[in-house]
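For the numbers below, each heavy atom of this structure counts, side chains included, while hydrogens, waters and symmetry mates do not. Counting from 1, the numbers follow the sequence of the chain as shown. Quick caveat: nothing in here was measured; it's all calculated off a predicted structure.
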Amino acid sequence: MSKTTPNPARDGSIVILTGAGISRESGLHTFRDADGIWATVRIEDVATPEAFARDPDRVHAFYNARRRGLLDPAIQPNAAHFALARLEAEWPGEVLLVTQNIDDLHGRAGSRNLIHMHGELLKVRCGACEGVSEHRADLGRADACPDCGHVGAMRPHVVWFGEMPLEMARIYDALARCDLFVSIGTSGNVYPAAGFVAEARSHSARTLELNLEPSVGASLFDDARLGPATVVVPAWVEALLAGAGTAA
């Protein structure tokens, strides 16, 4: 796009949505690409409440493998993660980071005002008491809840298809107040996150997409910068903090 990149006032609030594309360059698989996770396993088999009720061992095995992959020392935050943490630390106004990713790379990079709307892979939840706890080992039906002691009710603390994402009231409140909404590395296929750009626009926020290629909802953005996240995100943050009028 050729329009000037929308920038908020120096004290304006920013809401940033990130998806799997921002973690791709850290070595984590995306979901909907031709070689993505959903090309090798069916959503209905591993990522729904019904799948867990039907075959908890299979679901645990799927998430145990993903958890071990995330804990591989080779998987580290990349330049895009660090740039967003820098923006939060240095921008005079509020910066809220909402991620669809269940990895912990934003937190490792230093982001603190952070919502994991789809949960966190390195946490588990008890179906008996709803207690949430950190967990880095494999998980199975024999594990007891560290809070209530119930055995057999532990599940990954992730939002499955058919479940409501987390902290939606807080997200929509931020979208209603923000001056700039930025979407990074998302396909635009999964709701409610895919609807955030329209929600922000309805409250007169400016909108910007940073992505490897245009998303499904690309026409809803005032401007876009296309390219690898490790290139376009740091460049945009640098320009924004420098007070530049564009993010080129």
Side-chain angles (χ1 to χ4, degrees), residues 16-43 45-47 58-89 97-124 134-139 155-161 165-166 182-190 193-194 209-216 224-238:
I16 300 170
L17 172 70
T18 66
I22 199 169
S23 294
R24 177 204 301 264
E25 291 174 84
S26 289
L28 295 179
H29 291 295
T30 57
F31 288 88
R32 297 179 181 276
D33 290 337
D35 60 347
I37 292 172
W38 300 139
T40 61
V41 64
R42 296 196 329 145
I43 291 170
D45 291 335
V46 297
R58 181 173 185 176
V59 174
H60 279 311
F62 174 73
Y63 285 97
N64 287 341
R66 294 192 64 195
R67 192 180 298 110
R68 290 193 297 268
L70 177 57
L71 292 171
D72 185 326
I75 303 299
Q76 297 293 331
N78 62 50
H81 296 106
F82 286 113
L84 295 181
R86 178 193 173 200
L87 179 63
E88 179 188 328
L97 180 56
V98 180
T99 186
Q100 300 173 86
N101 300 335
I102 60 175
D103 63 61
D104 66 337
L105 298 181
H106 282 303
R108 280 198 250 169
S111 291
R112 294 295 175 261
N113 196 23
L114 172 64
I115 295 176
H116 280 271
M117 64 178 292
H118 291 162
E120 300 177 65
L121 186 57
L122 299 183
K123 291 183 178 180
V124 295
E134 299 279 346
H135 192 90
R136 291 174 171 261
D138 283 359
L139 183 67
R155 56 165 282 181
H157 182 51
V158 298
V159 175
W160 287 325
F161 288 88
L166 307 177
V182 185
S183 178
I184 302 173
T186 66
S187 65
N189 281 305
V190 179
E209 178 169 65
L210 306 176
N211 215 348
L212 188 62
E213 56 188 24
S215 67
V216 172
R225 290 292 180 269
L226 301 181
T230 54
V231 175
V232 297
V233 176
W236 169 69
V237 169
E238 183 68 36

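Remark: the backbone N or O of L226 is not paired with any side-chain donor or acceptor of N211 at under 3.5 angstrom. Looking at E209, its side chain never comes within 3.5 Å of a backbone N or O of P214 through a donor-acceptor pair.
Minimum interatomic distance between A47 and Y63 (heavy atoms only, all atoms of both residues): CB-OH, 3.8 Å. Closest heavy-atom contact between S26 and P77: OG-C, 3.9 Å. Taking both residues in full, the closest heavy atoms of G119 and V159 are given as N-CG2, 4.2 Å, listed atom of the first, atom of the second, then distance. The minimum heavy-atom distance linking A194 with G188 is given by the pair CB-O, 3.4 Å. Taking each heavy atom of A85 and G110 in turn, the nearest pair found is CB-C, 3.7 Å. Residues A79 and P234 approach most closely at O-CG, 3.7 Å, considering heavy atoms.
Legend: salt bridge (charged side-chain N to carboxylate O under 4.0 Å, His left out) pairs involving residues 111-120, not counting sequence neighbours, sorted by first then second residue: E120-K123.
Side-chain contact between D45 and F62: absent, with no pair of heavy atoms (C-beta onward) separated by less than 4.5 Å. The shortest side-chain heavy-atom distance between H118 and P165 falls under the 4.5 Å cut-off. T99 places none of its side-chain heavy atoms less than 4.5 Å from the side chain of L105. Under the 4.5 Å side-chain criterion, counting only non-hydrogen atoms from C-beta, L70 is not in contact with I102. Between R67 and L122, some side-chain heavy-atom pair lies under the 4.5 Å cut-off. Residues E25 and L212 are not in side-chain contact: their nearest non-hydrogen atoms beyond the backbone lie 4.5 Å or more apart.
Residues passing the salt bridge (Lys or Arg N to Asp or Glu O under 4.0 Å) test with R108 are D104, sequence neighbours excluded. Under the side chain to side chain donor-acceptor pair (under 3.5 Å) criterion, H116 pairs with no residue, sequence neighbours left out.
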(request) Apply side-chain contact (heavy atoms from CB on, under 4.5 Å) to the pair L84 and I22, showing each step before the final yes or no. (result) CA-CA 11 Å; L84 295 181; I22 199 169; 3.7 Å; yes

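To the nearest 0.5 Å, atoms CD1 (I16) and CG (L210) are separated by 8.5 Å. Taken from CZ in R155 to NE2 in H60, the straight-line distance is 10.0 Å, to the nearest 0.5 Å. To the nearest 0.5 Å, atoms CE (M117) and CG (N101) are separated by 11.0 Å.
Ring-plane geometry between H106 and H81 is classed as perpendicular, the angle between the planes exceeding 60 degrees on a 0 to 90 degree scale with a lower cut at 30.
A salt bridge between R66 and D103 is absent, with no side-chain N of the basic residue lying under 4.0 Å from a carboxylate O of the acidic one.
Judged purely by distance below 3.5 Å, without hydrogens or angles, the side chains of Q100 and T186 never pair a donor atom with an acceptor atom.
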